[in-house]
Amino acid sequence: MQRIFNAYTYDEGPRAGCWWDETCDLPKLSALKGDLTVDVAIVGGGFTGLSAALHLATQGVKVALLEAQDIGWGASGRNGGFCCLGGGIASDNELDAKYGRDARLAFRRAEKAAVLFVEETITKLGLDVDRHSSGETEFACRPKDMAALEKMAKRTHENYGVDPTVIEQSDLANLGMTGGPGFFGALSIPIGFGLNPRKLLAGLASAAMSAGARLFAHAPVHNITRKDQGHDLKCPQGIVSAQQVIVATNGYSSEDVPDWLASRFMPVQSTVLVTRPLSDAELDAQGWTTDQMGYDSQNLLHYFRLMPDRRFLFGMRGALRSSAQAETQARQKTQADFRKMFPAWTNVETPNMWSGMVSLARNKLPYAGEIPASKGIWTAMCYHGNGVAMGSYAGKLVADMVLGRATGECPEVMCKPLTKFPLGRARRILMPPVYAQLMLQDCF
C-alpha cells in the first residue's frame with residue numbers, strides 16, 4: 001500500500017489516549033484464514049463499511065468485510081461523535097453557481113436524510129449510544145460572523161425544511177452557553193445529535209454479523225486485481241474473491257488500492273481532547289451547562305459538547321504534519337485553544353487526547369459511486385470531518401448501487417467522480433498556504 005503520510009500516521013501513536021476506547025468493548029471478529037469467495041467484499045471497517053455490510057447482509061448478499069486493524073480504528077472510532085448536517089464544505093453559493101439551485105437542494109436534503117438514517121438505524125437496532133443534544137449550534141466568534149449566521153438562517157428552511165433559532169448574544173448566558181472571550185450570538189438548527197461513536201460502531205458490527213456478514217480484523221488489503229468477472233483482494237492471510245468490491249477507507253486510503261484513488265483525496269488531521277468529569281460548580285463557574293453540541297464560526301473550526309457523563313469534549317482542525325513531535329504540538333495547540341475558549345477550566349485535567357485523519361475532496365463534496373474504468377469496484381468517501389451521518393448514509397447508498405437498486409436517493413453532486421489534486425503524492429504541500437490564509441481570515 002502506498003500512502004502519503006509516514007508510517008507514524010497509520011500506527012498507534014495518534015490514537016493513543018482515545019476516550020472512546022475506554023467506554024465499551026467491540027465484538028470479537030474472526031481472523032481471515034486462507035482463501036474465501038463472497039458476493040461482495042468491503043475494504044474498511046468504519047461507518048461506511050459497516051453500514052454497507054449491514055445493508056447488503058440483510059438483503060441476503062454474501063459479504064466479507066476486511067479491516068486492516070480493528071473495527072473503527074480510523075476516523076470512525078476517534079471522531080467527535082457529532083451526528084449532524086454536513087459531509088461537504090461547498091457553500092450554497094458555490095453549489096448554486098456550479099450545479100444549480102435544484103442540485104444544491106438535493107444535496108441539502110441528503111445531508112438531512114443522513115442524520116435521519118442514523119437515527120432510524122439506532123432506533124431499529126435498539127442501541128444505547130449516549131445520545132444527547134437537540135440539533136447543533138454554530139457560535140459566532142465575531143460580530144460579522146453573527147451577521148452571516150442571520151443570513152444562513154433565512155436559507156435554512158429552504159435547504160432543510162426546518163426553522164432555526166437565532167440566539168442573540170444577550171441570551172447566551174441564560175442558555176448556559178458562555179464561552180471564553182465571548183461569542184457574539186449563535187444559530188441553532190434542530191437537526192442532529194451527539195453520540196458515542198464506538199457504541200454505534202459496536203452496534204452496527206454486531207447487527208451486520210447477526211445478519212450473516214463476515215467481518216475480519218487485521219486483514220489489510222494490499223491490492224485488488226481483476227479476475228474473470230470478479231476481483232481478487234490479496235491479504236496477508238489469504239485471497240478474498242468477490243464479484244463486487246466496496247472501498248470504504250476514507251482518510252486512511254492508500255494511493256493504489258485501487259490505483260484510481262491516487263491524488264483524489266486529501267487527508268488532514270483533526271485532534272480531540274476529553275476532560276475528566278466536571279462538577280456542577282465547575283460548569284457554573286464557566287457558565288457552560290448546556291447539552292447542546294456546537295462549533296464556532298472560524299474557518300479552522302473548533303467543535304465541542306458537554307457529554308452525558310459531564311466530561312467535556314473539545315476538538316479542532318489544523319495539523320498538517322504527522323510525527324511524534326507534530327502530534328505533541330497538535331495536542332498542545334488543542335489544549336491551549338480549549339483553555340482560551342473556556343478559561344474557567346484552565347486547571348481541569350484533560351486525560352484523554354488523540355487525533356485522526358479526515359478526508360477532503362477537491363470539489364468539497366463527498367462521493368459515492370462506481371470507480372470509473374473499474375467495473376464492479378465502488379467507493380464512498382470524503383466526508384470533510386462529518387462522517388458519522390454522511391459516512392453511514394453513503395455506505396447504504398453505495399450498497400444499493402451494488403445491488404442495482406439505486407433509487408435516486410444519491411444526489412447528483414455526490415455521484416460526480418473525485419478529481420485529482422495537483423502534485424500527486426506531494427499534494428500535502430498545497431495545504432500550508434491554504435491554512436495560513438484561513439488562519440489570517442480568522443483573525444479579522
Side-chain angles (χ1 to χ4, degrees), residues 1-4 40-44 46-49 51-52 86-90 94-100 102-104 106-111 114 221 223-226 231 233 242-268 357-387 390-425 427 430:
M1 290 185 287
Q2 298 177 3
R3 287 165 159 168
I4 68 172
V40 180
I42 299 172
V43 186
F47 288 123
T48 300
S51 179
I89 54 174
E94 288 175 305
L95 291 171
D96 284 351
K98 190 169 184 179
Y99 305 107
D102 289 346
R104 183 249 298 173
F107 178 66
R108 297 304 182 209
R109 286 193 297 269
E111 289 182 296
V221 176
N223 60 59
I224 303 171
T225 57
R226 181 78 179 173
H231 307 273
L233 292 78
Q243 292 298 307
Q244 309 266 10
V245 178
I246 297 174
V247 178
T249 45
N250 202 35
Y252 290 81
S253 298
S254 66
E255 299 283 278
D256 58 346
V257 183
D259 291 337
W260 180 83
L261 283 180
S263 302
R264 297 182 193 273
F265 65 101
M266 181 75 77
V268 297
M357 306 300 293
V358 304
S359 185
L360 314 181
R362 192 175 183 185
N363 70 348
K364 304 181 183 179
L365 293 164
Y367 174 60
E370 192 170 24
I371 290 176
S374 297
K375 185 173 178 57
I377 303 181
W378 309 75
T379 191
M381 61 188 299
C382 294
Y383 311 121
H384 302 84
N386 286 290
M390 187 57 76
S392 301
Y393 187 57
K396 184 259 186 188
L397 292 178
V398 78
D400 277 337
M401 294 175 190
V402 167
L403 292 169
R405 300 177 186 172
T407 59
E409 292 177 294
C410 190
E412 172 193 352
V413 298
M414 282 181 60
C415 296
K416 296 185 179 297
L418 301 170
T419 57
K420 288 188 175 184
F421 286 91
L423 304 181
R425 293 182 65 185
R427 62 189 180 276
L430 298 169

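Numbers here are sequence positions counted from 1. Since this is a predicted model, take the numbers as computed values, not measurements.
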Which residues share a salt bridge (charged side-chain N to carboxylate O under 4.0 Å, His left out) with [X], sequence neighbours left out:
X: Glu255; result: Arg427
X: Arg108; result: Asp92, Glu111
X: Asp259; result: none
X: Lys416; result: Glu412

Output the distance between atom [atom1] ([X]) and atom [atom2] ([Y]), rounded to the nearest 0.5 Å.
X: Lys364; Y: Lys98; atom1: NZ; atom2: NZ; answer: 9.5 Å
X: Asp256; Y: Arg425; atom1: CG; atom2: CZ; answer: 8.0 Å
X: Met381; Y: Ile246; atom1: CE; atom2: CD1; answer: 14.0 Å
X: Ile89; Y: Asn363; atom1: CD1; atom2: CG; answer: 9.5 Å
X: Leu365; Y: Cys415; atom1: CG; atom2: SG; answer: 11.0 Å
X: Ser254; Y: Ile4; atom1: OG; atom2: CD1; answer: 11.0 Å

Counting N and O atoms only, with roles assigned by atom type, does the side chain of [X] sit under 3.5 Å from a partner on the main chain of [Y], one being a donor and the other an acceptor?
X: Arg362; Y: Lys420; answer: yes
X: Tyr99; Y: Arg104; answer: no
X: Arg264; Y: Leu418; answer: yes
X: His384; Y: Ala361; answer: yes
X: Ser51; Y: Gly395; answer: no

Taking the basic N atoms (NZ, or NE/NH1/NH2) and the acidic carboxylate oxygens, is any pair closer than 4.0 Å for Glu409 and Lys396? yes
Taking the basic N atoms (NZ, or NE/NH1/NH2) and the acidic carboxylate oxygens, is any pair closer than 4.0 Å for Arg405 and Asp400?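 Salt bridge absent between Arg405 and Asp400.
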Check [X] against [Y] and note the closest heavy-atom contact, atom names and distance.
X: Phe47; Y: Gly387; answer: CD1-O, 4.0 Å
X: Gly369; Y: Val398; answer: N-CG2, 4.3 Å
X: Tyr252; Y: Met357; answer: OH-N, 3.0 Å
X: Gly251; Y: Pro267; answer: O-CB, 3.7 Å

Do the non-hydrogen side-chain atoms of [X] and [Y] ever get within less than 4.5 Å of each other?
X: Cys410; Y: Tyr393; answer: no
X: Val247; Y: Trp378; answer: no
X: Cys382; Y: Ser359; answer: yes

Counterpart residues, side-chain contact (heavy atoms from CB on, under 4.5 Å), relative to Asn386 (two or more places apart):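 Per chain and number, Asn386 pairs via side-chain contact (heavy atoms from CB on, under 4.5 Å) with Cys84.
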What pairs with Ile371 under side-chain contact (heavy atoms from CB on, under 4.5 Å), at least two apart in sequence or on another chain?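 Expected list: Pro258, Trp260, Ser374, Ile377, Thr379.
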Side chain to side chain contact (heavy atoms under 4.5 Å, CB included) for Ser253 and Phe265? Distances and angles first, verdict last. CA-CA 8 Å; Ser253 298; Phe265 65 101; 3.6 Å; yes
Might you work through the side chain to side chain donor-acceptor pair (under 3.5 Å) test for Thr48 and Tyr383, ending with a clear yes or no? CA-CA 10 Å; Thr48 300; Tyr383 311 121; 2.8 Å; yes
Could you go through Met414 and Leu397, starting from their C-alpha distance and side-chain angles, then the distance that decides it, and tell me whether this counts as side chain to side chain contact (heavy atoms under 4.5 Å, CB included)? CA-CA 10 Å; Met414 282 181 60; Leu397 292 178; 4.2 Å; yes
